[in-house]
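None of these values were measured; they are calculated from a predicted model.
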Amino acid sequence: RQLAPDRATFCARVHALCRGGQGAGAGALLEDMQAAGYSLDIQLVTSLCLCHARQEDWQGLVKAQALMHTHGLKPDQPYYVGLITELTKGNHWNHVEELVLRLKESNLEIDSNSFSLLLNALGAERMTNW
């Protein structure tokens with residue numbers, strides 16, 4: 001019987017697959033990771049969500065977002081900023097508006113670097129009522 005990789009190895013592989021646009025492979029690896037008894041964290045799920053958003057794989061994105069609820073993970077600033085930025089690149093404004101609302105409702109602190117990213121992604125007119 002083959003030994004499962006350690007958590008750090010799993011995480012590195014998931015992030016590498018996500019960076020390479022391999023959302024399906026990364027999702028399968030997350031399942032293997034859970035089967036090996038490791039917990040998921042918001043960074044792993046964010047990486048998968050961003051990968052699916054870049055690929056415009058909406059079914060994959062919905063599945064990845066569902067992992068957050070399943071594992072009781074709270075979306076954080078990198079999740080919102082990353083996803084909003086990716087979705088604006090594809091002009092998916094309906095999704096963007098919803099995420100911006102959720103980000104506002106979350107009361108997360110937004111650092112100046114992230115605010116700049118949002119400003120660049122959304123444009124000044126969308127940021128005026130922030």
Contacts satisfying salt bridge (charged side-chain N to carboxylate O under 4.0 Å, His left out) that involve residues 8-20 (not counting sequence neighbours) are none

Of all heavy-atom pairs linking Cys18 and Ala26, the shortest is SG-CB, 3.6 Å

Using the ring-ring contact (aromatic ring centres under 6.0 Å, His included) criterion, which residues pair with Trp58? Sequence neighbours excluded. His92, His95

Verdict with supporting geometry, Leu61 and Leu83, side-chain contact (heavy atoms from CB on, under 4.5 Å): CA-CA 10 Å; Leu61 179 57; Leu83 201 49; 4.2 Å; yes

Validation row: Leu118, Val100 side chains within 4.5 angstrom (heavy atoms): no

Distance (rounded to the nearest 0.5 Å) between Thr85 OG1 and Tyr80 OH: 14.0 Å

If I take atom CD1 from residue Ile42 and atom NZ from residue Lys74, how far apart are they, to the nearest 0.5 angstrom? 10.0 Å

Do the side chain of Ser47 and the main chain of Leu44 share a donor and acceptor less than 3.5 angstrom apart? no

Considering all heavy atoms of both residues, which atom of Gly90 and which atom of Glu56 are nearest to each other, and what is their separation? CA-OE2, 4.0 Å

Where do Leu73 and Leu40 come nearest, in terms of heavy atoms and distance? CD2-O, 3.8 Å

Using a 4.5 Å cut-off on heavy atoms from C-beta on, say whether the side chain of Trp93 contacts that of Leu87. no

Please, which pairs that meet salt bridge (charged side-chain N to carboxylate O under 4.0 Å, His left out) have at least one residue in residues 78-102, sequence neighbours excluded? Arg54-Glu86, Glu86-Lys89, Glu97-Arg126, Glu98-Arg102

I want to check something: taking the side chain as every heavy atom from C-beta on, are Thr46 and Cys49 in contact at a cut-off of under 4.5 Å? no

Identify whether Val62 and Ile84 are in the same connected component of the hydrophobic contact network (ILVMFWY, side-chain heavy atoms under 4.5 Å). no

Student check: side-chain heavy atoms of Leu67 and Leu48 closer than 4.5 Å: yes

Sequence neighbours left out, what pairs pass ring-ring contact (aromatic ring centres under 6.0 Å, His included) with at least one residue falling in residues 12-57? Phe10-Tyr38

Any pair counted as side chain to side chain donor-acceptor pair (under 3.5 Å), so long as it reaches residues 59-69, sequence neighbours left out: Gln65-Tyr79

Suppose the criterion is salt bridge (charged side-chain N to carboxylate O under 4.0 Å, His left out): which pairs have a residue in residues 31-48, not counting sequence neighbours? Arg7-Asp41

Contact between Met33 and Pro5 at the side-chain level, heavy atoms closer than 4.5 Å - yes or no? no

When every non-hydrogen atom of Leu50 is compared with those of Gly82, the smallest separation belongs to CD2-C, 3.2 Å

Under a plain distance cut-off of 3.5 Å, with no hydrogens placed, do Asp6 and Thr9 share a side-chain donor-acceptor pair? yes

4.5 Å side-chain heavy-atom contact, His71 and Ser39: no

Pro78 and Gln43, any side-chain heavy atoms less than 4.5 Å apart: no

Whether the side chain of Ser114 engages the backbone of Ile110 through a donor-acceptor N/O pair (distance < 3.5 Å, no angle test) should be reported. no

